[in-house]
Number of protein chains: 2
Amino acid sequence: MSKHTIAIVDDHLLFAQSLKSLINTFDDFEVIHHALNGKIFIDDLKNKTELPKIVLMDLNMPIMDGLETTKYLNKHYPNIKILALSMDDDENSILKMIKNGAKGYLLKDIHPNILKEALYGLINEGYYHSKMVSDTLVHSLHPSAEKKINLLDRELEFLKLASTEMTYKEIADVMHLSPKTIDGYREQLFKKLEVKNRIGLVVYALKNNLV
Amino acid sequence: MSKHTIAIVDDHLLFAQSLKSLINTFDDFEVIHHALNGKIFIDDLKNKTELPKIVLMDLNMPIMDGLETTKYLNKHYPNIKILALSMDDDENSILKMIKNGAKGYLLKDIHPNILKEALYGLINEGYYHSKMVSDTLVHSLHPSAEKKINLLDRELEFLKLASTEMTYKEIADVMHLSPKTIDGYREQLFKKLEVKNRIGLVVYALKNNLV
DNA sequence: TTAAAAAAGGGGGAAAATCCCCTTTTTTAA
DNA sequence: TTAAAAAAGGGGATTTTCCCCCTTTTTTAA
């Protein structure tokens, strides 16, 4: 039966050719295309009769980078599975790629066996998330530790209510307090969280998952 | 060499005992403890000399549920790996457990081989994320599709600025518009997004990753 | 070509938020 | 036991937000 087809999008010719040679030694996979950047790749796709099943996507490329290309493919060719392949190991790059449709993210310094395993993962499960990616996803659920400020119980209660559409009078009623006490809490939290107004409080609360 | 020790925290006795029997047939694992809820389990931990390496944690339990217990264990026994085991397959439950330290999340209707695979994953990789969990994590990066409302360019620009601590007058200056035009955009967005005030706009913007 | 939508702007007034000053009582920590 | 923090509350003035009414011009879509 026919092999799973792969395209490589990477601006480093030697790396791409070497990668192609490696993948072509895998039993069930075959590189059918290589483009030096995203724009060339997309232009080529329009002229091709056979689409690849998997695209190995570099991130840093001239003219059209991996992120933009991933967004485009996700939208126009949703059946193509994208596996990011990059030198970048920072969380932001990983999250952006996954968020925009990449089904896996590998660093370029991995063992070839991991690449093979990832390719099979994409075919069989539809995704391949290494520990690095999983950890990054889990970590993205949490706010930055350094921004966490210790809030008293009543302050937190007020902050949660302040992050709703209630007026301060309504909040006072709910907390069984005088509106003037609410004024006090508000000023106290403005100072504590170093914000200028209620909008600042809401942004802090949401970004720190307090509501 | 000794087997990897496991504790089961689940309020259904028959299920827990059956699970114990199953796991005790696995070569490298041994159930050394069972508690009917989180509180009993924590009390038992304090009196035990041998801690389990893995805890299979139900979610819905009386007195002290799986989430509270996971938070406590993550804080006080960070080396214990928690694998959530639940009937609940909703995203919120999954995210809460992973966010609070669970290293995996399985539904109770899985094949025993998956459980075994998960246990090995916890021991070897430190986590086990099935496709369900991975998909949930990836999905959590995105806002709800059904809540996404099409915004005009200027509306979006205004919304982003409205989610800062700027006054409407300041925003008008930045957008080179009259404050009255800003008033118009505000009312327009209140209607469009079905919110009552600026706080509602901010919450919408942040929850939909527009800023 | 016409109608609708988008983009811009206005008056006026009430309600809410912010900001400055201040107080007392209870609880907690040293 | 004492001091500090937390928790509660007050006056009053200014600024900002919200809400109701309305307008014209340009761009887009039918």
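The structure presented is a predicted model; accordingly, all values stated were derived computationally and were not measured. Residue numbering restarts at 1 for every chain, and letters A, B, ... go by the order of the sequence lines.
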Test side-chain hydrogen bond (donor to acceptor under 3.5 Å, both in side chains) applied to His33(B) - qualifying residues, sequence neighbours left out: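 His33(B) satisfies side-chain hydrogen bond (donor to acceptor under 3.5 Å, both in side chains) with Asp44(B) only.
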Counterpart residues, side-chain hydrogen bond (donor to acceptor under 3.5 Å, both in side chains), relative to Ser86(A) (two or more places apart):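 If we apply the side-chain hydrogen bond (donor to acceptor under 3.5 Å, both in side chains) test to Ser86(A), skipping adjacent residues, there are no hits.
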Inter- and intrachain pairs under salt bridge (charged side-chain N to carboxylate O under 4.0 Å, His left out), touching residues 87-96 of chain B, at least two apart: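 Passing the test, one end in residues 87-96 of chain B: no pairs.
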Gap between atoms NZ and P, on Lys191(B) and dC18(D) respectively (whole Å):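 After rounding, the reported distance stands at 13 Å.
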Write down the protein N/O and nucleotide N/O pairs, taken from nucleotides 21-28 of chain D, whose separation is under 3.5 Å; answer none if there are no such pairs.
none

Over all atoms of both residues, closest heavy-atom pair of Ser93(B) and Leu59(B):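 Looks like CB-CD2, 3.9 Å.
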Which pairs would a plain distance check flag for residues 68-85 of chain B, meaning a side-chain donor or acceptor within less than 3.5 Å of a matching protein atom at least two apart in sequence or in another chain?
{"from": "Thr69(B)", "atom 1": "OG1", "to": "Asp65(B)", "atom 2": "O", "distance (Å)": "2.5"}
{"from": "Thr70(B)", "atom 1": "OG1", "to": "Gly66(B)", "atom 2": "O", "distance (Å)": "2.6"}
{"from": "His76(B)", "atom 1": "ND1", "to": "Tyr72(B)", "atom 2": "O", "distance (Å)": "3.1"}

Pairs involving residues 171-188 of chain B, ordered by first then second residue, that meet side-chain hydrogen bond (donor to acceptor under 3.5 Å, both in side chains) (sequence neighbours left out):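 Listed once each, the pairs are Glu155(B)-Gln188(B), Asp183(B)-Arg186(B).
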All ring pair (Phe, Tyr, Trp, His ring centres under 6.0 Å) counterparts of Tyr127(B), not counting sequence neighbours: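 Tyr127(B) satisfies ring pair (Phe, Tyr, Trp, His ring centres under 6.0 Å) with His129(B) only.
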Which residues share a ring pair (Phe, Tyr, Trp, His ring centres under 6.0 Å) with Phe190(A), sequence neighbours left out: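 For Phe190(A) there are no ring pair (Phe, Tyr, Trp, His ring centres under 6.0 Å) partners, ignoring immediate neighbours.
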Dot-bracket encoding of pairs in DNA chain D, which uses [ ] for pseudoknotted crossings and | for another strand, Watson-Crick or G-U under 3.5 angstrom: ||||||||||||||||||||||||||||||
Which donor-acceptor pairs under 3.5 Å do side chains of residues 156-166 of chain A form with protein atoms, sequence neighbours excluded?
{"from": "Glu157(A)", "atom 1": "OE1", "to": "Arg154(A)", "atom 2": "NH1", "distance (Å)": "3.1"}
{"from": "Ser163(A)", "atom 1": "OG", "to": "Leu159(A)", "atom 2": "O", "distance (Å)": "2.9"}
{"from": "Thr164(A)", "atom 1": "OG1", "to": "Leu161(A)", "atom 2": "O", "distance (Å)": "2.6"}
{"from": "Thr164(A)", "atom 1": "OG1", "to": "Met166(A)", "atom 2": "N", "distance (Å)": "3.3"}
{"from": "Glu165(A)", "atom 1": "OE1", "to": "Lys196(B)", "atom 2": "N", "distance (Å)": "2.5"}

Sugar-phosphate only, base, or nothing, as touched by Arg198(B) at under 4.0 Å among non-hydrogen atoms: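 The answer is sugar-phosphate, as Arg198(B) gets under 4.0 Å only of primed atoms, P, OP1 or OP2.
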Sugar-phosphate only, base, or nothing, as touched by Asp183(A) at under 4.0 Å among non-hydrogen atoms: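 The answer is base, as Asp183(A) lies within the cut-off (heavy atoms under 4.0 Å) of a base atom.
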Stretch residues 158-172 of chain A: residues that reach within less than 4.0 Å of DNA chain C through a heavy atom: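 Listed by number, they are Thr167(A), Tyr168(A).
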Scan nucleotides 6-9 of chain D against the protein and return all N/O pairs shorter than 3.5 Å with their distances rounded to 0.1 Å.
{"from": "dA8(D)", "atom 1": "OP1", "to": "Arg154(A)", "atom 2": "NH2", "distance (Å)": "3.2"}
{"from": "dA8(D)", "atom 1": "OP2", "to": "Arg154(A)", "atom 2": "NE", "distance (Å)": "3.1"}
{"from": "dA8(D)", "atom 1": "OP2", "to": "Tyr185(A)", "atom 2": "OH", "distance (Å)": "2.7"}
{"from": "dG9(D)", "atom 1": "OP2", "to": "Ser178(A)", "atom 2": "N", "distance (Å)": "2.6"}
{"from": "dG9(D)", "atom 1": "OP2", "to": "Thr181(A)", "atom 2": "OG1", "distance (Å)": "2.8"}
{"from": "dG9(D)", "atom 1": "O5'", "to": "Thr181(A)", "atom 2": "OG1", "distance (Å)": "3.2"}

